[in-house]
Number of protein chains: 2
Amino acid sequence: MAGIEEVARLAGVSTATVSRALSGNGHVSPTTRERVQAAAAELGYVVSSNASSLASGRTRNVGVVVPFLSRWYFSSVVDGAEAALLSKGYDLTLYNLSGGEEPRRSVFEHFLLRKRVDAVIAVALELTDDEVKRLLDIHKPMVGIGGPIPGVRTLTLDDVAVAQLATEHLISLGHTQIAHVGGAVELDLDFHLGSTRRRGFERAMHEANLPIRDDLYQPADFTINGGYAAGKQLLGRPYDRPTAIFAASDEMAIGCLLAARDLGLSVPRDVSIVGIDDHELAEFFGLTTVAQFPRQQGELAVDVLMGELMPDAGAPAALDTELPFQLIVRSSTARPAEADARPSSVF
Amino acid sequence: MAGIEEVARLAGVSTATVSRALSGNGHVSPTTRERVQAAAAELGYVVSSNASSLASGRTRNVGVVVPFLSRWYFSSVVDGAEAALLSKGYDLTLYNLSGGEEPRRSVFEHFLLRKRVDAVIAVALELTDDEVKRLLDIHKPMVGIGGPIPGVRTLTLDDVAVAQLATEHLISLGHTQIAHVGGAVELDLDFHLGSTRRRGFERAMHEANLPIRDDLYQPADFTINGGYAAGKQLLGRPYDRPTAIFAASDEMAIGCLLAARDLGLSVPRDVSIVGIDDHELAEFFGLTTVAQFPRQQGELAVDVLMGELMPDAGAPAALDTELPFQLIVRSSTARPAEADARPSSVF
DNA sequence: ATGAAAGCGCTAACAC
DNA sequence: GTGTTAGCGCTTTCAT
């Protein structure tokens, strides 16, 4: 556990020079820099981040706050952010809010305030005004993913457009009886995915002059299990069965797919299914989906943050950035089997 | 951003007393304690963790190192650890090694050494002697999950026993032609799950005097996809088809299950399938499995660590703790369909 | 039980 | 380009 002083002595310079040489801040002649680096290496010297932070006011650490961790989307975002941060010499301190109200309060009232982090990334979180205020008061750069959070730089996915795209894919194939498996309203807490995506679905239907039938809507909870139950309901009906299902997440879509199989229906011959996310299992199941790219979202959030933390080179990124998405057509969607009445049909 | 001095002034005491009152170290009269706490609350004072760490040598932060994050097992462990740490006032700094050799080196050579963490939890990691030495040299408590890591306190799952239990479940049902979908040897890097679990399988077969047939072994990569391919191979053969499959992970077991379905085989009538983990999808698929409890593993690791960090009350935990596991029988296993020749049969 | 004061190990002016 | 020095905001002896 060598300290900066020993390095300085070994290199024959002052501690200030060691600091400059190792951090890259301030000018040091190439020769001394090398001497210092050699000395540091020899002694196995690593700066004490605490001392450094205390003196400089920078921690080289960012807090990432997520509402869940053990779900594909969130762990992927964190994964991407971690890799990006690591490569820039930053640490990632994780705050998981899934514990309930109590932990959530303590995260915002204590943990994030104790100057352990330079900035925070909030993933799919709806922060209260008070929470935002606390963080901004403290003068910490912050970026939200999935927001939007008022007053905070956010990366947002246009969920309405995403859902609309998925639905339009089905419509363009000639489907008219399209069911929607969406988020249950009770789950609409932090991220309004449920209602936003439903809006996109309805917009697409509306623009295509297709009726939106209440009986073709099934709420679920974003899990495979929930999607399975919803799919059974939708596909088990004796008449007027939908020819296609748009599920608001891949996990629910996979549930529908398995429900169809268990009912003896063939996908996509009897029913087309499309989801959202491009979940790690989507390819395996041949699921057509609108991909969002969670790893990249995490990386992008870090880029934006770095732009704020080192205000020199960076373009002053827009306050609100749209995240990319992309329709990925696999084998779960096709034209409906029946003779279709689609006017623009080429047949 | 009030400092300790302002709190001291408002409470009419010295900074030393404020420190003692707020941290609970050292004696303070109940009345002063309350005055101090009131003052702190009024000013919205939160200690600077850097200053505190620098002065005290404790960071109230633990590093958690994982080889992957976006996999159910790892994110569950981290989830459990995070919750446990948060409740004790600790932060969790995450290090993900999945980036490759370069990031791995920098994690061990710089990140973990800069005194940002009091302790480290290594999940399913095989550390090199050098890596272990680095960490122990630095005098940081450390606990491994899944190890064992020589010289480090570890929580280990007896993978041989787990695999043996799963296999014995099949044997006790009367199966004799049991296939094994195990980890490919190439993947045997950090955690030797593949070979250890295979050993358990072989032991069970051996003890039951059942032959271990090479043609009933299929390597895979611990994914659903890989399990699916392996299952197809195993179940697609025209004769001598196994009546049961033991897969070394639930994800592979689920893959086998789906492969069976796609071949028109019924589970468990035509083939029984058992996995390991109790993955979040296991229940949905009715998969019989040997559960391990990753969230609890994370929590337990924190408990052990706390015992080391506050050496007062804690019993001096054993150097190596066995993790619990449990057979959970669902609907993917049953007696083989054919008239069985099992000697101990009650029929 | 409380206060005074000496650091913890660095960084950032400021001189030279 | 490099050295000197004054802190950063706490914790912790050591007195009292």
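Note that this is a predicted model, so its numbers are computed, not measured. Below, chain A is the first sequence line, B the second, and so on; all start at residue 1.
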Strand-adjacent residues in [range], judged by heavy atoms under 4.0 Å from DNA chain D:
| range | answer |
| --- | --- |
| residues 41-48 of chain B | B:Y45, B:S48 |
| residues 106-114 of chain A | none |
| residues 16-25 of chain A | A:A16, A:T17, A:R20 |

Could you list all the salt bridge (Lys or Arg N to Asp or Glu O under 4.0 Å) pairs where at least one residue sits in [range], not counting sequence neighbours?
| range | value |
| --- | --- |
| residues 40-65 of chain A | none |
| residues 89-98 of chain A | A:D91-B:R114, A:D91-B:R116 |
| residues 133-144 of chain A | A:D130-A:R134, A:K133-A:D137 |
| residues 13-37 of chain A | none |

| Mind checking whether A:F111 and A:Y95 have parallel, tilted or perpendicular rings, split at 30° and 60°? |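 Rings of A:F111 and A:Y95: perpendicular, as their planes differ by over 60°.
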
| Which residue lies more 5' along DNA chain D, comparing A:T15 with A:T31 via nearest heavy atoms |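 Whichever sits nearer the 5' end wins; that is A:T31.
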
| field | Non-neighbouring partners of B:S23 that pass side chain to side chain donor-acceptor pair (under 3.5 Å), sequence neighbours left out | value |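 Scan of B:S23 (side chain to side chain donor-acceptor pair (under 3.5 Å), adjacent residues dropped) gives none.
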
Indicate whether the side chain of [X] and that of [Y] have a donor and an acceptor atom separated by less than 3.5 Å.
| X | Y | result |
| --- | --- | --- |
| B:T154 | B:T156 | no |
| B:Y73 | B:Q297 | yes |
| B:S70 | A:S76 | no |

| said: Taking the cut-offs as 6.0 angstrom to the six-membered ring centre and 45 degrees off its axis, would you call A:R71 and A:F74 a cation-pi pair? | reply: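 No, a cation-pi geometry is absent between A:R71 and A:F74.
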
| task | Extract, from 5' to 3' on DNA chain D, the first and final nucleotides lying under 4.0 angstrom from some heavy atom of chain A. | result |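 Terminal contacting nucleotides, 5' to 3': D:dG1 to D:dG9.
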
| request: Test A:L155 against every option in A:V143, A:I121, A:D303, A:D320 by the side chain to side chain contact (heavy atoms under 4.5 Å, CB included) rule and name the one that passes. | output: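 For A:L155, the side chain to side chain contact (heavy atoms under 4.5 Å, CB included) test succeeds with only one of A:V143, A:I121, A:D303, A:D320, which is A:V143.
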
| field | Sequence-distant partners of A:E109, salt bridge (charged side-chain N to carboxylate O under 4.0 Å, His left out), two or more places apart | value |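 Counting only residues at least two positions away or on another chain, A:E109 forms a salt bridge (charged side-chain N to carboxylate O under 4.0 Å, His left out) with A:R105.
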
Using atom types as modelled and distance alone, determine if a side-chain donor or acceptor of [X] lies under 3.5 Å from a backbone N or O of [Y].
| X | Y | answer |
| --- | --- | --- |
| A:D118 | A:L309 | no |
| B:S53 | B:S49 | yes |
| B:T32 | B:V28 | no |

| Contact boundaries on DNA chain C for chain B, cut-off under 4.0 Å to non-hydrogen atoms |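 That gives a stretch of C:dA1 to C:dG9.
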
| said: So if I take residues 52-61 of chain A and measure heavy-atom distances to DNA chain C, which residues fall below 4.0 Å? | reply: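 Within residues 52-61 of chain A, the residues near DNA chain C are A:S52, A:A55, A:S56, A:R58.
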
| field | Where B:P150 and B:V132 come nearest, the two heavy atoms and their spacing | value |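 That closest heavy-atom pairing would be O-CG1, 4.0 Å.
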
| field | Residue pair A:N96, A:S98: steps toward the side-chain hydrogen bond (donor to acceptor under 3.5 Å, both in side chains) verdict | value | CA-CA 6 Å; A:N96 181 349; A:S98 65; 3.0 Å; yes

